[in-house]
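Report on the structure given below.
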Amino acid sequence: MPRKTSPQSSAQCPMDALLRLLMGPWTTYLLWVLRQQGPQRFGVLKRAIPGISSRVLTERLRLLEEAGVIHRDHLPTIPPQVTYSLTRRGQELGPVLDALDALARRWHAQNQAVRGRTEHDAARRQAA
């Protein structure tokens, strides 16, 4: 009888590690803002992402910096000026995120169409 294999860990499956990085809260939105608007300071990013807390934004930025996806440029001025931008690695995510966006929009439209038909059918049944 063949032996069952256990699922691969993130270390054995690089795609799993990448997907886990991207699926963190606000991560894809943050990457989208940096991709669309270019390098941004913390306050600008916070205003561009309604609903994100300072704590979560800081965590996401640190995680993405550790992963080599964004670059943190610190100028020792008073107050300190810190700007975040996409690294080459972050820019490589562009086509992948575009493809995911297109798929998400297509699925959303399909779900809306199905939901609309379901609601229409329910209304017809109630009227009958």
Side-chain angles (χ1 to χ4, degrees):
M1 175 181 270
R3 226 173 82 199
K4 291 184 180 180
T5 58
S6 63
Q8 293 181 327
S9 71
S10 293
Q12 295 170 320
C13 181
M15 186 169 57
D16 183 60
L18 175 59
L19 290 174
R20 287 178 188 276
L21 174 70
L22 293 177
M23 67 185 207
W26 301 101
T27 302
T28 53
Y29 197 172
L30 174 57
L31 293 172
W32 180 81
V33 168
L34 287 172
R35 187 162 179 245
Q36 296 298 312
Q37 299 178 12
Q40 299 291 316
R41 294 183 67 180
F42 185 90
V44 175
L45 285 170
K46 187 161 180 346
R47 286 188 297 277
I49 306 171
I52 193 168
S53 69
S54 294
R55 183 183 63 80
V56 171
L57 179 56
T58 299
E59 287 173 0
R60 292 288 98 196
L61 289 168
R62 285 181 182 157
L63 184 68
L64 291 168
E65 183 183 10
E66 288 172 13
V69 175
I70 64 168
H71 172 72
R72 181 180 186 267
D73 185 37
H74 177 265
L75 296 176
T77 58
I78 299 175
Q81 184 175 344
V82 179
T83 305
Y84 297 92
S85 60
L86 293 176
T87 62
R88 178 167 283 154
R89 181 178 268 195
Q91 292 169 358
E92 285 180 316
L93 284 170
V96 174
L97 295 174
D98 288 344
L100 285 172
D101 179 55
L103 180 63
R105 290 175 188 273
R106 188 170 60 247
W107 284 11
H108 178 74
Q110 290 169 352
N111 291 345
Q112 292 298 100
V114 167
R115 194 170 296 127
R117 283 194 306 267
T118 303
E119 289 170 1
H120 176 72
D121 291 346
R124 275 190 20 212
R125 281 193 300 269
Q126 270 186 338

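Only a predicted model underlies this, so the values are computations on that prediction, with no experimental measurement involved. Here, residue 1 is the first one in the sequence, and each next residue gets the next number.
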In a table with atom names and distances, give each donor-acceptor pair under 3.5 Å that connects a side chain of residues 91-102 to protein atoms at least two apart or in another chain.
residue, atom, partner, partner atom, Å
D98, OD1, R35, NH1, 2.6
D98, OD2, R35, NH1, 3.4
D98, OD2, R35, NH2, 3.0
D101, OD1, R105, NE, 3.0
D101, OD2, R105, NE, 3.0

Report yes if some heavy atom in the side chain of S53 is under 4.5 Å from a heavy atom in the side chain of W26; otherwise report no.
no
Decide whether V44 and L34 are clustered together by the hydrophobic rule: side chain heavy atoms of Ile, Leu, Val, Met, Phe, Trp, Tyr closer than 4.5 Å, transitively.
no
What's the shortest heavy-atom distance between T28 and L22, and which atoms?
CG2-O, 3.6 Å
Please determine whether residues W32 and L19 belong to a single hydrophobic cluster, defined as Ile, Leu, Val, Met, Phe, Trp and Tyr linked transitively by side-chain heavy-atom distances below 4.5 Å.
no
Rounded to the nearest 0.5 Å, what's the gap from CZ on R47 to CZ on F42? Could you check?
10.5 Å
Which atom names give the shortest non-hydrogen contact between Q37 and A48, and what distance separates them?
OE1-CB, 4.3 Å
Expected list for residues 61-77: side-chain donor-acceptor pairs under 3.5 angstrom, two or more places apart:
residue, atom, partner, partner atom, Å
R72, NE, Y84, OH, 3.4
T77, OG1, P79, O, 2.7
T77, OG1, Q81, N, 3.4

Can you list the residues that meet the salt bridge (Lys or Arg N to Asp or Glu O under 4.0 Å) rule with R55, with sequence neighbours excluded?
E59
Donor-acceptor pair, side chain of T58 and main chain of S54, under 3.5 angstrom
yes
